[in-house]
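Have a look at the structure below, then the notes.
We name chains A, B, ... by the order of the sequence lines, and we start the count at 1 in each one. Basis for what follows: all heavy atoms, side chains included, without hydrogens, waters or symmetry-related copies.
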Number of protein chains: 2
Amino acid sequence: MTKNATGRVDHEAELRKAGIRITRPRRIILRIVSETDDHPDAYEIFRRAVQEDKNISLSTVYRTMKLLEEHGTIQRHAFAGGPSRFEHAGEEHHDHLIDVETGDVIEFRSDKIEKLQDEIARELGYDILHHKLELYGRKRRSA
Amino acid sequence: MTKNATGRVDHEAELRKAGIRITRPRRIILRIVSETDDHPDAYEIFRRAVQEDKNISLSTVYRTMKLLEEHGTIQRHAFAGGPSRFEHAGEEHHDHLIDVETGDVIEFRSDKIEKLQDEIARELGYDILHHKLELYGRKRRSA
DNA sequence: AATGCAAATGCAAATCGTTTGCAATAAAAA
DNA sequence: TTTTTATTGCAAACGATTTGCATTTGCATT
């Protein structure tokens with residue numbers, strides 16, 4: 001995997017290698033998604049992008065998200081109700097707990113659950129390629 | 001839980017008990033969702049309903065799905081991209097294994113996973129309202 | 001550095017799934 | 001049967017996303 005001077009994955013090089021043009025909007029969007037650690041939706045990415053270049057369009061954000069998704073740079077989450085939300089892919093796998101009241105997304109990981117899933121799939125005669133586990137919950141009020 | 005003459009859950013009685021009027025459209029929609037064993041979307045339910053009553057409207061289908069969801073009669077699945085799809089909420093909860101090659105949906109259930117989810121949520125300070133676990137897999141070729 | 005051209009952009013309009021306002025209708029209560 | 005009130009159908013509004021098209025841009029080539 002191509003890295004840049006800072007040791008991080010160099011998405012521009014990766015994409016260029018795949019024959020994709022690095023344009024000004026793409027560079028900006030790429031920076032936004034690789035620097036954030038939350039799960040912004042397209043409009044939120046657009047809002048941030050506009051601060052760096054007044055005439056980036058929302059269409060371009062959508063088109064770029066689709067492109068980056070296809071190239072595995074980001075991951076799309078379709079949480080119930082709202083718009084798709086995106087996350088910079090590549091770290092290790094984790095699942096999500098969604099706060100139904102605030103929309104907050106909390107990441108977590110459980111090796112036990114991962115292992116159980118494999119077992120279940122094996123029993124059913126399948127190999128798991130990927131999976132999605134979303135818990136929808138409400139913050140517990142301390143008694 | 002109220003049952004009717006055939007021994008199945010009597011949704012009409014359940015809803016009436018909750019102060020909800022049983023109208024002609026609702027009766028038809030209720031029958032459709034409780035008789036099917038696939039996961040139709042609102043438009044598909046509408047299409048089936050129209051065959052029984054020419055002037056049922058799509059709005060009524062949407063309104064009824066929301067109503068039934070709130071009363072726990074049905075469950076809503078929000079897949080990425082497409083429309084919400086509904087499923088008659090039977091007695092026991094189950095999760096889904098999706099065959100990525102054929103699109104087949106296999107239902108399964110694991111008490112261990114259910115319990116683990118509760119534990120995790122509790123550790124994070126949340127109460128789970130509902131969850132979604134989808135395994136995407138490929139049928140294992142026997143060696 | 002200047003050129004050519006396909007790919008990418010911005011904009012507005014279109015599309016898709018879903019919700020809503022409102023006048024007409026029908027369910028249940030009286 | 002009349003009254004009360006929820007529910008309906010319709011069309012228009014809605015939010016999220018996609019698309020057609022004329023213009024601009026990246027970038028490979030001179």
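- If you walk DNA chain C from 5' to 3' and mark each nucleotide with an atom closer than 4.0 Å to a heavy atom of chain A, the marks span C/dA6 to C/dA12.
- In the 5' to 3' direction, nucleotides of DNA chain D lying under 4.0 Å from heavy atoms of chain B begin and end at D/dT5 to D/dA11.
- Considering all non-hydrogen atoms of both residues, B/P25 and B/T60 come closest at CB-CG2, 3.8 Å.
- Residues satisfying the salt bridge (charged side-chain N to carboxylate O under 4.0 Å, His left out) test with A/E107, not counting sequence neighbours, are none.
- Nearer the 5' end of DNA chain C, as judged by each residue's closest nucleotide, is the contact made by A/L58, out of B/I20 and A/L58.
- When only modelled atom types and interatomic distance are considered, A/H94 and A/E87 share a side-chain donor-acceptor pair under 3.5 Å.
- Here B/R24 pairs with B/D53 in a salt bridge; the nearest charged N to carboxylate O distance falls below 4.0 Å.
- For A/H93 and A/H131, the side-chain atoms include at least one donor-acceptor pair closer than 3.5 Å.
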Could you walk me through whether B/H96 and B/H77 satisfy the ring pair (Phe, Tyr, Trp, His ring centres under 6.0 Å) test, starting with their C-alpha distance in whole Å, then the side-chain angles of each, then the deciding distance to 0.1 Å, before giving a yes or no? CA-CA 11 Å; B/H96 295 117; B/H77 296 286; 4.8 Å; yes
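- Contacts of B/R16 classified as salt bridge (charged side-chain N to carboxylate O under 4.0 Å, His left out), with partners at least two apart in sequence or in another chain: none.
- Side-chain heavy atoms closer than 4.5 Å link hydrophobic residues (I, L, V, M, F, W, Y) into clusters, and following such links, possibly through other members, connects A/I28 to A/Y43.
- Under the side chain to side chain contact (heavy atoms under 4.5 Å, CB included) criterion, A/Y136 pairs with A/F79, A/A80, A/I98, A/V100, A/E134, B/H130, not counting sequence neighbours.
- In this structure, A/L67 and B/S59 both approach DNA chain C, and ranking their closest nucleotides by distance from the 5' end singles out A/L67.
- The stretch residues 21-32 of chain B touches DNA chain D through B/R21, B/T23, B/P25, B/R26, each having a heavy atom under 4.0 angstrom from the strand.
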Donor-acceptor contacts, no H, no angles, side chain residues 120-128 of chain B, under 3.5 Å, sequence neighbours left out:
{"from": "B/Y126", "atom 1": "OH", "to": "A/D99", "atom 2": "OD2", "distance (Å)": "2.8"}
{"from": "B/D127", "atom 1": "OD1", "to": "A/R140", "atom 2": "NE", "distance (Å)": "3.3"}

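- Applying the side chain to side chain contact (heavy atoms under 4.5 Å, CB included) rule to B/R76 yields the partners B/E69, B/S84, B/F86; only residues at least two apart in sequence or on another chain are considered.
- Applying the salt bridge (charged side-chain N to carboxylate O under 4.0 Å, His left out) test to every pair with at least one member in residues 41-52 of chain A, sequence neighbours left out, gives these pairs: A/R31-A/E52, A/D38-A/R48, A/E44-A/R47, A/E44-A/R48.
- Not counting sequence neighbours, A/D118 has no partner by the side chain to side chain donor-acceptor pair (under 3.5 Å) test.
- Checking side-chain atoms of B/S34 against main-chain N and O of B/L30 turns up a donor-acceptor pair under 3.5 Å.
- DNA chain D forms stems at C:1-13 with D:18-30, C:15-30 with D:1-16, each a run of 3 or more consecutive Watson-Crick or G-U wobble pairs whose two key distances fall under 3.5 Å.
- The stretch residues 47-56 of chain A touches DNA chain C through A/N55, A/I56, each having a heavy atom within less than 4.0 Å of the strand.
- Scanning all heavy atoms of the two residues, the minimum distance from B/H39 to B/R85 falls at O-NE, 2.7 Å.
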